[in-house]
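Below is one structure, written out as structure tokens, with a few remarks after it.
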Number of protein chains: 4
Amino acid sequence: MSPRTEEQYVQIRKNRKVQIMEAALQSFALEGYYKASIAGIAKRAGVSKGLLYNYFDSKEALLDALLAFGMEKFGDILTGIDDVLDTPEELRQYIKGGFELIRREPDFFRLYFGILMQPGVSDLAREHYGEMVQSLIRGLSVYFETKGDANPMEKAMLLGALMDGVGLYYLLAPGTFDLEKLEKMIFELFK
Amino acid sequence: MSPRTEEQYVQIRKNRKVQIMEAALQSFALEGYYKASIAGIAKRAGVSKGLLYNYFDSKEALLDALLAFGMEKFGDILTGIDDVLDTPEELRQYIKGGFELIRREPDFFRLYFGILMQPGVSDLAREHYGEMVQSLIRGLSVYFETKGDANPMEKAMLLGALMDGVGLYYLLAPGTFDLEKLEKMIFELFK
Amino acid sequence: MSPRTEEQYVQIRKNRKVQIMEAALQSFALEGYYKASIAGIAKRAGVSKGLLYNYFDSKEALLDALLAFGMEKFGDILTGIDDVLDTPEELRQYIKGGFELIRREPDFFRLYFGILMQPGVSDLAREHYGEMVQSLIRGLSVYFETKGDANPMEKAMLLGALMDGVGLYYLLAPGTFDLEKLEKMIFELFK
Amino acid sequence: MSPRTEEQYVQIRKNRKVQIMEAALQSFALEGYYKASIAGIAKRAGVSKGLLYNYFDSKEALLDALLAFGMEKFGDILTGIDDVLDTPEELRQYIKGGFELIRREPDFFRLYFGILMQPGVSDLAREHYGEMVQSLIRGLSVYFETKGDANPMEKAMLLGALMDGVGLYYLLAPGTFDLEKLEKMIFELFK
DNA sequence: TATGAATGAGGCTTCATTCAT
DNA sequence: CATGAATGAAGCCTCATTCAT
């Protein structure tokens, strides 16, 4: 057996890391950040506790990594939009995109909303989130501005709040919603 | 010499209970349910740890008491409204009332939203909340129905989600909002 | 209303004391010394915790009082016998008397055996009990001595042990015994 | 470098478990179940409190493990005997064996008798003990039956009670007994 | 790289006891 | 004499984190 190449090690590390993060995301979403234990996450990931600490310095670091990773995805989509959002069609796409995210990654958003209202847990992430929301809202406000709306900033805020609110409801009671219909209605309200 | 009268005891118990519940509400809202310690709550209430357990069986029982108490208030206002909500003016009052609640009892709602996404913590309360929201939405939907709206139920849902969303934003960044203006805009959007 | 006479006070004190001791005996026998709480005993006695401490300095003092009280009764019967135990009829009476005690006061003996093997709880009582048993055995040995038995002391010991053993079984499974028959058999074995 | 082999881990766990159980047995026997603290047991075992909980789920689970372990030993000896007990020599061996157990494992029996009369502590063990005693007595009764005794069952019961009684005395005052002589006398009484 | 035994701080809870009234 | 609110020490247990192998 020859020793693994440098490249292979990198690959292993990457896989392991993903493995652990997925397990952590599930655990956190399912049991909440505090109830979820490192032991449980390690077991779910099929990995020893010790190894987990090779990849993440602490439980909170693991959480932060998850949040950062999620926000990156989240941001990718939104930043790809915000500077060009000025036709109704784009607004429609934006709204659709937002809900698509929640539908595809409910665990992440479950974790996210769970953390959001827990002071003392990942304050950094909370601040980061705040800035992101603000920038999103600024982006949206441009749309309403070009549309000649009287209170573009507030309108954008309302749209953001509405989308978060619907997302919240959806996560709490996924079965009882026809998200598509709601999307359309939201679009009609704000277009 | 002689023991206190029954009445005096009742009074004492009532006062202490309030004292403890207020301290707990602050602690929970400030630090989150898990971070907040019984020791801290007791200290904040100016009371010994032991005494706290004379009034509440456990940390979770304390939480439940807080939630139940809050929901009662919450419910009072809303049930007083939901069966007669059929003029725009009443809708305006309803919206105003909702935000008034959050403005007056931000700690309670901070606690509430914090618990909402934490599985394993007070699942009972979460279910209770779910039912309450559903009944509210049903109440609201009557308004849109009488107005002849095409999708009254969904419209009601959107209004509920929007109010919760705005509430969430407000709790996360109280300073950056002109709630009154938002209230008016929401009314215009849904009246 | 004239104040109570001195005598009445004494009477009250005595009643209360009995009341508390009975409740304590039941609690201890039913739940064991450690599991039984002062609060529970007071409630069972229909008395406040504070009052209980007017009569007994501590939980252990209460236990000691119970044990002492029981031993007194116990001793009364046996000391009335031990110096005259030299006919078979008297032996029969002695055996009968022993079991009669257990039958009449099972709670006391339940408590007693429970304490007996718990070092650190009422060591005083345990020593006291040891002396009592020794003196009983010495008394019994006289019987076997006069009977010309080869090992009177050991014979007495065996009889004592047998009676305690049967008592133990009886307390653990009261229903499965014909105590009277056993009494006779014991008498036949040792007469 | 590399982790320990599975085998090594098994070995470690086994050793630690024994270590902890021995410490617990001593603590329980010496101080009684309730007085003995987890902290004390851990210290006696030379182990951290936390580690103890890696091996036993709770204080009561630790007690149960001890009792189960002891009963296994206990049972081994007695079941090896009960089906062939029909000559006086075997009876002698049986009696001898019983006392040998107590002499060799006084701590276990101290614990055992201590638990026996404590309702609410390990009720399971108490029931288990009851069954064991009953089966023993049934076994013994066969001996008296073959011997043509009038009340074999009761005779067996008496023998059992006597042995327990002597055991109890021995544990309470080990120094004052010539167990061997008592064994012989018991044999003479029941052979 | 990988393991899981081991640690220990800290949390919740119980309960004997005290004391103002 | 009588009450029960109040205290605080002490106990059980959890779990993030470390470390020898």
Side-chain angles (χ1 to χ4, degrees), chain A residues 3-4 9 12-13 16 34-43 47-62, chain B residues 1-6 8-9 12-13 15-16 34-42 46-60 62, chain C residues 3-4 8-9 12-13 16 34-43 47-62, chain D residues 1-6 8-10 12-13 15-16 34-42 46-60 62:
Chain A
R4 282 176 260 237
Y9 274 125
I12 287 174
R13 278 197 73 87
R16 284 277 199 251
Y34 279 105
K35 272 275 173 63
S37 70
I38 290 289
I41 294 170
K43 176 174 267 182
V47 141
S48 73
K49 274 185 290 177
L51 189 59
L52 191 152
Y53 276 90
N54 266 347
Y55 292 92
F56 302 94
D57 285 343
S58 68
K59 193 183 182 184
E60 190 169 349
L62 177 51
Chain B
M1 279 300 179
S2 36
R4 294 183 182 82
T5 65
E6 181 66 20
Q8 283 173 309
Y9 281 128
I12 288 175
R13 286 192 72 83
N15 291 342
R16 282 286 177 280
Y34 280 106
K35 267 279 173 61
S37 72
I38 291 289
I41 294 170
V47 142
S48 72
K49 270 183 298 173
L51 188 61
L52 193 149
Y53 281 89
N54 256 337
Y55 292 88
F56 301 94
D57 286 341
S58 66
K59 192 183 181 184
E60 189 168 350
L62 178 50
Chain C
R4 283 176 260 235
Q8 281 174 314
Y9 274 125
I12 287 175
R13 279 197 71 86
R16 284 276 199 251
Y34 279 104
K35 273 274 173 63
S37 71
I38 291 288
I41 294 170
K43 175 174 268 182
V47 142
S48 73
K49 274 183 292 177
L51 189 58
L52 191 152
Y53 276 90
N54 266 347
Y55 292 92
F56 301 94
D57 286 342
S58 68
K59 193 183 182 183
E60 189 168 350
L62 178 50
Chain D
M1 281 299 178
S2 35
R4 295 182 182 84
T5 66
E6 182 65 21
Q8 282 173 311
Y9 280 129
V10 169
I12 288 176
R13 284 193 73 82
N15 291 342
R16 282 285 176 281
Y34 280 107
K35 268 278 172 61
S37 72
I38 290 289
I41 294 170
V47 141
S48 72
K49 270 183 299 174
L51 188 61
L52 194 150
Y53 282 91
N54 255 338
Y55 292 89
F56 301 94
D57 285 341
S58 67
K59 192 183 181 185
E60 189 168 351
L62 177 50

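Residue numbers begin at 1 in each chain, while the letters A, B, ... track the order of the sequences.
With DNA chain F read from its 5' end, the first of the two nearest nucleotides for B/Gly46 and C/Leu52 is the one closest to C/Leu52. Both B/Glu6 and D/Lys35 lie close to DNA chain F; mapped to their nearest nucleotides by heavy-atom distance, the more 5′-ward contact belongs to B/Glu6. Nearest-nucleotide positions on DNA chain E for D/Asn54 and B/Gln8 put D/Asn54 closer to the 5' end.
Applying the side chain to side chain contact (heavy atoms under 4.5 Å, CB included) rule to B/Arg13 yields the partners B/Tyr55; only residues at least two apart in sequence or on another chain are considered. Listed by chain and number, the residues in a side chain to side chain contact (heavy atoms under 4.5 Å, CB included) with B/Glu60 are B/Tyr33, B/Ser58, B/Asp64, B/Ser122 (sequence neighbours excluded). Residues that satisfy the side chain to side chain contact (heavy atoms under 4.5 Å, CB included) test with C/Ser48, not counting sequence neighbours, are C/Leu51. Checked against side chain to side chain contact (heavy atoms under 4.5 Å, CB included), B/Phe56 has the following partners two or more places apart in sequence or in another chain: B/Lys17, B/Ile20, B/Met21, B/Leu62, B/Ala65. Under the rule for a ring pair (Phe, Tyr, Trp, His ring centres under 6.0 Å), the partners of D/Tyr34 that lie at least two apart in sequence or sit in another chain are C/Tyr34.
Among the protein residues, B/Leu51 comes within range of the nucleic acid bases, having at least one heavy atom under 4.0 Å from a base atom. If you check every strand for non-hydrogen atoms under 4.0 Å, C/Tyr55 touches sugar and phosphate atoms only. Within 4.0 Å of D/Ala36, counting heavy atoms only, lie sugar-phosphate atoms of the nucleic acid but no base atom. Note on D/Ser48: a base of the nucleic acid sits closer than 4.0 angstrom, heavy atoms only.
Contact check for B/Ile12 versus B/Arg4: side-chain heavy atoms found under the 4.5 Å cut-off.
Closest approach of C/Val47 to C/Leu52, counting heavy atoms only: CG1-N, 4.1 Å. For D/Ala39 against D/Lys49, the heavy-atom pair with the smallest separation is CA-CG, 4.0 Å.
Atom CG in C/Leu62 sits roughly 16 Å away from atom P in E/dC15 (whole-Å rounding). Atom OH in C/Tyr34 sits roughly 24 Å away from atom P in E/dT13 (whole-Å rounding).
Remark: DNA chain F takes part in the stems E:2-21 with F:2-21, each of 3 or more antiparallel Watson-Crick or G-U pairs, criterion distances under 3.5 Å.
The side chain of C/Arg16 places an N or O atom within less than 4.0 Å of a non-bridging phosphate oxygen (OP1 or OP2) of F/dA2.
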Pairs under 3.5 Å (N/O, protein and nucleotides 17-20 of chain F):
unit_1: F/dT17; atom_1: OP2; unit_2: A/Tyr53; atom_2: OH; d: 2.8
unit_1: F/dT17; atom_1: OP2; unit_2: A/Lys59; atom_2: N; d: 2.7
unit_1: F/dT17; atom_1: O5'; unit_2: A/Tyr53; atom_2: OH; d: 3.4
unit_1: F/dT17; atom_1: O4; unit_2: A/Lys49; atom_2: NZ; d: 3.2

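Not a single donor-acceptor pair under 3.5 Å links the side chain of C/Lys59 to the backbone N or O of C/Ser37.
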